[in-house]
Amino acid sequence: MKLAFHHRPEVPIEAEVITPEKLAGLSEAEVSALPLQYGNERVPLGEFFRVSGRYEGEILVEGDLSRVKMIGSGMSAGRIVVDGDAGMHLGVGMSGGEIVVKGNAGDWVAPDLSGGRITIHGNAGHLVGSAYRGSAMGIRGGEILIHGNAGNEAGNAMRRGLIAIGGDCGDFGGVNMCAGTLIVLGRLGARCGASMKRGSIVSMQPAPLLPTFGYACRYEPLYLRLYLLHLKRLGMSVGEAHIEGPYRRYSGDAIETNRGEILLLDA
Amino acid sequence: MSEIGQNLRVVEHATCTFCGCVCDDMDLTVDLDAKRITKAKNACTLGRAWFAEHTIEDKPPARIDGKPATTAEAIEAAAQILAGARLPIIYGLSDTTCEAQRQAVAIADLMHGNIDTTTSVCHGPSGIAFQGVGESTATLGEIKNRADLVIYWGGNPAESHPRHFTRYAVTPKGMYIPNGRKDRYVVLADVRRTPSAPVADLFLLVKPGRDFELLWALRALVKGRKIDPSIEESTGIPLATLETLVERMKSCRYGVLFFGMGLTMTRGRHFNSGAILALATDLNEYTHFVAKPVRGHGNVTGADNVVSWQTGYPFGVNFSRGYPRFNPGEFTTVDLLSRGEADAALIIASDPGSNFPKRAIEHLKRIPVIVLDAKDTDTTELARVAFRTATYGINTTGTVYRMDDVPITLRPAFDSPFPGDEEVLTALKDRLRVLLNEKRGGALRKAA
Ligand code: SF4
């Protein structure tokens, strides 16, 4: 099924209907009639998208969707390909399936993710795989792969799962993290891992660490090798040196349980 | 209120609403002929300027596209704009009464729009932190009577809240602080030596942008963790100074951390606020400790309170779907405008046209803007519809929240020919209800 976005909205659209569960089994006309939230109004999907074909496992969404929020909301299976940029809250509450964005993604990529995989070929905004304000829990599973850079607070309060960033990440990466893995092939911003309880933050570059992280040892963690080989297979630019290591391990956050770790490649 | 001459009158116990201290011990001498305040006893220099400059100007009550109009015409024009908008936003509210703020929330709810206050550009990060970390809090009265260790972080009250030191936290004598200043130890932490610095017994000159690291080190020391002496290099404060300070914090009887925009609006934002709030919480293992943001505008605290009790969230609230949603970054005004998203704006008692980032102002210029203000500002300049309203506290009564969430009733000094914000907003709400009712096919309830 193809959804071609044909004109730019004046104000953002919330398109939680663009998700396999909602589109499966519907005709072109039925899909065109589904409601989009356009500012404070509800408009039929057909007002902004040209629909062609029926859903057979993949939804291709074309155009500049940077003002279209919540694509892939709650999806549990199937595949969405966004040929262009995607707006905020991409894949909110996703539990399975796959979303691929060929351009950039807005803030809040995959909040409340519990399974499935999201791949962004460009950059992502702030709060990738992060908890919403007021929630103590970020993502609980799944994988988020950003080939470009990501903004602040990637993996805020994450509990499980994998976030990999090919470029640099902003400040407070892995803040409040409970568990899970955040791998940054570029640079980490300031104050990564603040308040982290458990979990791993990995970077291939030197990073400024908080005074509550202490040097533990230098080693070649086996599990990391497995993660990196997996990312390499998925097309991320993981080099031999990354796989070989060794890494310097810092433990923290001492204000919390001191059970988290930051691994920095010791090249 | 006492009469002292034919046209002079003294209003006792009036309130200054210029800053968040909301001093309610003003004695105002009012010249009723000239409609101006000639003397403001007890006011600080900022307060005196505030009272002196709010006179009645000979201007039309409203303007539409720059041309003079009546209030009624302007209400019609404003209602038409808002009724036709898809993402209308309301912003400002920190310099008006709670009664007016309440009408603004009702309008946001009615038109399924977005409502945000100046909190989002001052202590919004603290609002996020309260939700994440919690707040150990107190009133300024309690602090005055009990606090023997007073710490100011990232603020310059001597210039921004001149009576904060003398009325609430540094010099006044309190029930358990019989000797005033002598019974208190005062610490000031900032990135530069401001005119507030001389008041402090200990001044911490923090390297710019390193507040979070320093607060984090203090938290670790309070919890008995080890901190490397390299902390001096990264933050500018020697480890020994921090250790002594932590001992003092743990052994005081009642400590308070006041924090300002030097903390909330610099790198780290809500995490900075969160760190200082968490530090206060940590210290409650040892003694009584509280943390309070030092709020700027007269009733910005009221805005937080009103928006919270009506919508459940303090600022950055969106009603597009008919129910409130909170998401700073998405529904905060600077962000909405910078992304070019809103299609109409209702600005109440604030001047984003002068203090917002350029991109946001550019978008404001593209969309129809409605402004309520007692003065001409850059925002009234770019507005499609501008109302001139009476000044709260000087011309109108109402309720204002002091920065410690204590509500205070205002005593106006003299009447204004211009309507109050509440009056304009109520009329706008009523007209909007009729228009939206027609648009949505009579679906809206009649009652308010
Ligand atoms: S401290 Fe603030 S409220 Fe008090 S008089 Fe001065 S300006 Fe007015």
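By convention in this document, chain letters (A, B, ...) are assigned in the order of the sequence lines, proteins followed by strands, and residues within each chain are numbered from 1.
Heavy-atom distances place no part of A:His126 under 4.5 Å from chain B, backbone and side chain included. Only the side chain of B:Pro88 comes within less than 4.5 Å of a heavy atom of chain A; its backbone N, CA, C and O stay farther away. Only the side chain of A:Leu210 comes within less than 4.5 Å of a heavy atom of chain B; its backbone N, CA, C and O stay farther away. If you measure heavy-atom distances from A:Tyr132 to chain B, the contacts under 4.5 Å come from the side chain alone.
B:Arg225 contributes a side-chain N or O that, together with a main-chain N or O of A:Ala254, makes up a donor-acceptor pair within less than 3.5 Å.
Contacts with chain B (heavy atom to heavy atom, under 4.5 Å) involve these residues of residues 186-197 of chain A, listed by number: A:Ala190, A:Arg191, A:Ala194, A:Ser195. The contact list for residues 213-222 of chain B toward chain A, using heavy atoms and a distance under 4.5 Å, reads B:Glu213, B:Trp216, B:Ala217, B:Arg219, B:Ala220 by residue number.
In terms of heavy atoms, A:Asp171 sits closest to B:Arg267 at OD2-NE, 2.5 Å. For the pair A:Arg67 and B:Gly340, the tightest heavy-atom approach, listed with the atom from each and the gap, is NH2-O, 2.6 Å. Residues B:Phe331 and A:Lys69 approach most closely at CE2-NZ, 4.2 Å, considering heavy atoms. Of all non-hydrogen atoms in A:Pro211 and B:Ile227, the two that sit nearest each other are O-CD1, 3.7 Å.
Residues B:Glu330 and A:Arg133 form no side-chain contact, since every pair of their non-hydrogen atoms from C-beta on lies 4.5 Å or further apart. When side chains are defined from C-beta on, A:Asn40 does not count as touching B:Phe319, because their heavy atoms never get closer than 4.5 Å. A heavy-atom distance below 4.5 Å is found between the side chains of A:His89 and B:Asn327. With contacts defined as side-chain heavy-atom distances shorter than 4.5 Å, the pair A:Glu256/B:Lys223 does not qualify.
If you take CZ on A:Phe213 and CG on B:Asp228, they are separated by 15.0 Å, rounding to the nearest 0.5 Å.
The choice from A:Glu41, A:Glu14, A:Glu10 that makes the most heavy-atom pairs within less than 4.5 Å of chain B is A:Glu14. Taking A:Asp253, A:Asn176, A:Asn152 one by one and counting their heavy-atom pairs under 4.5 Å with chain B, the maximum is reached by A:Asp253.
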Can B:Arg269 and A:Glu153 be said to form a salt bridge (Lys or Arg N to Asp or Glu O under 4.0 Å), step by step? CA-CA 12 Å; B:Arg269 290 176 176 237; A:Glu153 295 182 54; over 6 Å; no
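Salt-bridge formation is not detected for the pair A:Arg8/B:Glu341: no Lys NZ or Arg NE/NH1/NH2 atom is positioned less than 4.0 Å from an Asp or Glu carboxylate oxygen.
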